[in-house]
Amino acid sequence: MNRAFIFDLDGVVVNTAKFHYQAWKQLAQSLGFDFPEEKGELLKGVSRMESLEIVLEAGEMTHLKAVEKEVLADSKNRLYLDFISGLSNEDILPGIYEFLLRIRSEGYRTALGSASKSGGLILRRLGIENLFDVIADGLSITRAKPDPEVFLTAAEGLCVNPGNCVVVEDARAGVAAAKNGGMHCIGIGKEEVLKGADLILKHTGLLLEADYKSFF
Ligand code: BG6
Ligand code: MG
């Protein structure tokens, strides 16, 4: 079947969004300022370096040199890798494993489309790498969401036309990336954040009841 689902990772397959936020918050504190929870939403789907800019802006520290920014991004990543070192299949978000099995048994192809350079690593830790035909993550792309590059790379790897792909996303930038790529999009989370998605579900468990066949 020439139809596919492309899954974002953080906040869709696994709740690593909270670890990204905690690592950035810890970095901000080490620099002497706070990065409040309400700003955490701005980091979702955004690349590591762009996230750093958002965090530094909150601390009025955007004047740092490029090399200093690299060091800070590396420190955040070390904190993050530490947080995710204990991930296991118990951390897969509700319904995702069952939904992957179901759509694959129905003949849909599946891919990961994540901005994270740790995307492939996390799928291996969760023990579900074999449920994805293609992995497009931060290591395979140069342009971050809302640019559609990561989803178009996934679709190309799957040999499926963008119009026959459904992206599952929890971030504003991710919904925009899917639509910019000419794909359908299921948003997971709050309506006010996910405007533009074709279908919005409050949580991943609802994917199992969703009328996804009407997209094709
Ligand atoms: C996205 C997250 O999936 O990956 C962002 O939503 C994160 O919060 C981005 O910044 C990049 O992740 P990493 O692991 O490459 O720093
Ligand atoms: Mg996400």
Side-chain angles (χ1 to χ4, degrees), residues 5-28 35-58 69-85 87 91-96 111-126 132 135-151 153-154 166-179 181 183 185-190 193-194 196-197 200-204 207:
F5 279 83
I6 305 175
F7 293 80
D8 171 51
L9 177 72
D10 297 309
V12 169
V13 172
V14 60
N15 191 6
T16 35
K18 67 177 180 204
F19 296 133
H20 279 294
Y21 169 70
Q22 282 166 11
W24 286 120
K25 186 180 175 75
Q26 216 163 300
L27 183 84
F35 188 71
E37 193 156 3
E38 61 271 17
K39 292 207 169 160
E41 195 64 43
L42 300 173
L43 306 177
K44 290 188 181 171
V46 177
S47 72
R48 193 181 303 170
M49 293 314 284
E50 282 173 81
S51 298
L52 175 66
E53 291 297 339
I54 293 168
V55 172
L56 290 179
E57 203 166 301
K69 290 181 181 174
E70 289 288 344
V71 170
L72 292 177
D74 280 354
S75 326
K76 177 269 170 179
N77 194 45
R78 274 198 298 279
L79 291 167
Y80 175 69
L81 291 177
D82 206 33
F83 283 134
I84 63 165
S85 60
L87 279 185
D91 298 295
I92 300 171
L93 283 167
I96 290 291
L112 184 78
S114 168
S116 175
K117 291 190 162 68
S118 297
L121 167 85
I122 290 175
L123 287 190
R124 283 196 292 285
R125 287 226 173 118
L126 299 175
F132 292 82
I135 293 177
D137 68 9
L139 297 174
S140 18
I141 55 152
T142 54
R143 296 185 302 279
K145 301 170 188 175
D147 189 289
E149 185 185 8
V150 72
F151 295 140
T153 302
V166 176
V167 168
V168 188
E169 253 297 344
D170 73 317
R172 183 178 285 144
V175 172
K179 299 316 289 178
M183 300 179 179
C185 184
I186 301 179
I188 306 289
K190 295 186 184 141
V193 175
L194 302 168
I200 299 176
L201 306 174
K202 284 199 174 69
H203 59 83
T204 51
L207 278 169

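Both ligands and their constituent atoms are indexed starting at 1 by order of listing.
Each of the following atoms of ligand 1 lies closer than 4.0 Å to a heavy atom of Lys44: 6 (O).
With a heavy-atom cut-off of 4.0 Å, Ser116 touches ligand 1 through backbone and side chain alike.
With hydrogens left out, the protein atom closest to atom 15 (O) of ligand 1 is Lys117 N, 2.7 Å, a heavy atom. Considering only non-hydrogen protein atoms, atom 10 (O) of ligand 1 sits nearest to Val46 O, 2.7 Å. Ranking the protein heavy atoms by distance from atom 8 (O) of ligand 1 puts Leu43 O, 2.9 Å first. Nearest non-hydrogen protein atom to atom 16 (O) of ligand 1 is Arg48 NE, 2.7 Å. For atom 6 (O) of ligand 1, the closest non-hydrogen atom on the protein side is Gly45 N, 2.7 Å. From the protein, the heavy atom lying nearest to atom 2 (C) of ligand 1 is Asp10 OD2, 3.2 Å.
For Ser114 and Asp137, the side-chain atoms include no donor-acceptor pair closer than 3.5 Å. Between His20 and Lys44, the side chains place no donor N or O within less than 3.5 Å of an acceptor N or O (distance only, hydrogens not considered).
The nearest N, O or S atom of Asp8 is closer to the Mg ion (ligand 2) than 2.8 Å.
Of the residues Thr204, Ile92, Ile122, the one that meets the side-chain contact (heavy atoms from CB on, under 4.5 Å) test with Val14 is Ile122.
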Derivation and outcome, side-chain contact (heavy atoms from CB on, under 4.5 Å), residues Leu43 and Phe35: CA-CA 11 Å; Leu43 306 177; Phe35 188 71; 3.6 Å; yes
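By the 4.0 Å heavy-atom criterion, Ser114 is counted among the residues contacting ligand 1. Taking 4.0 Å as the cut-off, Ser51 counts as a neighbour of ligand 1 on heavy-atom distance.
For the pair Ser51 and Trp24, the tightest heavy-atom approach, listed with the atom from each and the gap, is CB-CZ2, 3.5 Å. Nearest heavy atom pair, residue Glu169 against residue Ala171, reads OE1-N, 3.0 Å. The nearest pair of heavy atoms linking Ala111 to Ala154 is CB-CB, 3.9 Å.
Classification of Asp8 and Lys145 as a salt-bridged pair holds, one side-chain N sitting under 4.0 Å from a carboxylate O.
Between the Mg ion (ligand 2) and the N, O or S atoms of Asp10, the shortest distance is to O. The nearest N/O/S atom of Asp170 to the Mg ion (ligand 2) is OD1.
Note that Lys25 lies outside the cation-pi zone of Tyr21, set by a 6.0 Å cut-off to the ring centre and a 45° limit from the axis.
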